[in-house]
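Some notes on the structure that comes next.
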Amino acid sequence: MRSYRDLFRTPEFTPFFLAASAQTVAQTMGGLALGTLVYRATDSPLLSAVSMFGSSLVQVLGATFLLSAADRLPPRAALTALPLLFAATTAALALPGLPLWGLFAIVLAKGLAESVGGGVRWGLLNEILSKDGYLLGRSVFNMMSGLMQIAGYATGGALVALLSPRLSLLTAAAVYAMAAVVVRLGLTRRPPRTTGRPSVSATWRANALLWSSPPRRQVYLALWIPNGLVVGCESLYVSYAPDSAGTLFACAALGMLAGDVLVGRVLPPRLRPRLGFPLLLLLAVPYLPFLLHPALPLAAAAVTLASVGFGASLVQQERLVALTPDELSGHALGLHSAGMLTMQGVAAALAGSLAQLTSPAHAMTMMAAGSAGVTLLLMGAARREDLRTVSCETGSGR
């Protein structure tokens with residue numbers, strides 16, 4: 001599979017793509033509205049950041065106890081039920097008088113369901129396209145995510161500014177419901193990829209098998225930690241620039257779109273593996289000058305440039321798919337998604353805590369420095385692993 005045209009000629013890809021697009025718009029609109037609603041009520045950078053990214057905190061529970069369902073549920077049924085659940089929970093967040101503890105309870109429950117949804121979704125994409133088309137397909141989804149985030153944040157920002165956060169939440173709930181309809185009408189019924197009932201023990205066994213491979217471990221750490229810490233920077237946009245957070249989120253989405261086009265379409269396959277770590281460094285370094293609290297145009301330019309580095313995840317996902325048996329593809333990709341989102345939630349909470357103690361600008365700089373440091377450590381570990389591999393091959397050749 002060599003072109004985007006080939007992707008959209010593939011049966012079921014178009015409705016699958018449209019449903020995911022609608023969910024991305026709904027998620028971004030709802031997240032911005034919720035973060036703004038909480039910040040206006042509490043004036044707390046920590047609570048605002050956690051409200052936007054707190055659902056990610058429970059992803060680790062889903063990865064630990066529920067992820068075996070990703071390959072054991074019928075994909076169409078699961079991907080229809082989940083956006084309906086998200087529509088209901090998002091509408092519930094708009095209820096007037098909802099106490100703060102109730103709001104966070106709903107956010108965390110939504111995150112638990114999302115932990116399974118990522119595995120179902122990306123496992124089905126791998127099934128529709130097969131491994132040779134996965135990277136191109138995922139690059140299209142990442143580009144779509146960038147465009148839909150721009151649209152979602154722009155629309156959500158307008159609704160929040162002109163009307164109210166609650167109306168934006170209700171609009172997001174309606175878009176989730178539309179996604180469920182597209183899945184139900186556009187996808188065919190498929191059997192689960194793996195037989196047996198979902199269970200905690202099956203989840204643990206698969207997690208242990210995936211984690212037992214050193215190359216897969218390194219890929220997972222590179223997927224989870226550096227970009228998670230940078231998402232901590234993003235979680236502070238509302239408190240850094242309360243009246244312009246939508247602009248910064250849209251610029252981040254634009255940069256991510258550019259990175260996905262670069263990695264998925266422009267870079268030749270032989271060059272992609274070499275740029276995984278440099279792109280992770282690009283993801284962090286432009287946030288370091290935020291210590292000086294740059295004006296909005298400079299901040300927007302830095303955010304756009306940094307987000308090009310999110311293209312590193314495509315390089316790492318391609319390697320993960322190559323290292324994983326087909327029958328565990330949904331579980332492996334779900335573990336990536338759950339771990340990534342968990343790290344994003346942890347980083348958002350950490351960034352919010354640092355912002356409470358210092359300032360949003362200082363906290364963003366500290367999170368970016370941590371991301372760059374972790375990337376450098378992973379680069380060193382990868383080089384040592386390569387040297388060991390070369391040494392073993394040389395020794396066996398003798």
Side-chain angles (χ1 to χ4, degrees), residues 12-31 34 52-94 105-128 138 141 144-145 148-149 152 169-194 197-198 203 329-342 344-345:
E12 298 185 82
F13 182 82
T14 298
F16 185 71
F17 177 84
L18 292 175
S21 301
Q23 284 195 238
T24 301
V25 170
Q27 185 176 15
T28 51
M29 287 178 62
L34 185 61
M52 293 185 69
F53 296 94
S55 64
S56 304
L57 288 169
V58 298
Q59 295 278 333
V60 67
L61 297 178
T64 303
F65 299 109
L66 304 176
L67 199 50
S68 63
D71 292 306
R72 290 173 170 81
L73 292 175
R76 186 179 69 172
L79 293 178
T80 301
L82 286 170
L84 290 176
L85 175 62
F86 299 157
T89 54
T90 303
L93 291 170
I106 292 172
V107 168
L108 295 178
K110 182 172 178 283
L112 200 60
E114 287 173 341
S115 67
V116 177
V120 176
R121 181 179 301 111
W122 304 127
L124 179 58
L125 177 65
N126 193 46
E127 194 172 345
I128 290 173
R138 191 62 191 261
F141 271 84
M144 170 275 293
S145 179
M148 293 303 104
Q149 284 182 35
L169 284 167
L170 291 174
T171 305
V175 177
Y176 273 126
M178 289 172 53
V181 173
V182 172
V183 169
R184 182 63 181 81
L185 298 179
L187 298 184
T188 59
R189 180 185 297 178
R190 290 170 178 263
R193 285 178 291 275
T194 301
R197 293 183 179 180
T203 300
S329 62
H331 193 116
L333 293 167
L335 183 61
H336 146 56
S337 179
M340 178 186 68
L341 292 172
T342 297
Q344 290 176 5

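Computed from a predicted model, the values in this text were never measured in an experiment.
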Residues two or more places apart in sequence or in another chain: which of them pass side chain to side chain contact (heavy atoms under 4.5 Å, CB included) with E12?
-> I128, L187, T188, R190

Atom CG in L93, atom NZ in K110: separation rounded to 0.5 Å?
-> 8.0 Å

Separation between CE of M178 and CD of Q23, rounded to the nearest 0.5 Å = 12.0 Å

All pairs passing side chain to side chain donor-acceptor pair (under 3.5 Å) where residues 75-93 contributes a residue, at least two apart | none

Grab the two heavy atoms, one from [X] and one from [Y], that are nearest each other, plus how far apart they are.
{"X": "A113", "Y": "L85", "answer": "CB-CD2, 3.6 Å"}
{"X": "A92", "Y": "I106", "answer": "CB-CD1, 3.8 Å"}
{"X": "A172", "Y": "G30", "answer": "CB-N, 3.9 Å"}
{"X": "L124", "Y": "P75", "answer": "CD2-CB, 3.9 Å"}
{"X": "A179", "Y": "A19", "answer": "CB-O, 3.6 Å"}
{"X": "G186", "Y": "P15", "answer": "O-CG, 3.4 Å"}

Pair E114-F86, side-chain contact (heavy atoms from CB on, under 4.5 Å): steps then yes or no | CA-CA 9 Å; E114 287 173 341; F86 299 157; 3.4 Å; yes

Hey, could you give me each pair passing salt bridge (charged side-chain N to carboxylate O under 4.0 Å, His left out) that has a residue in residues 17-27? Not counting sequence neighbours.
-> none

Are L34 and V107 close enough, and set up right, to give a side-chain contact (heavy atoms from CB on, under 4.5 Å), and what steps lead you there?
-> CA-CA 10 Å; L34 185 61; V107 168; 3.7 Å; yes

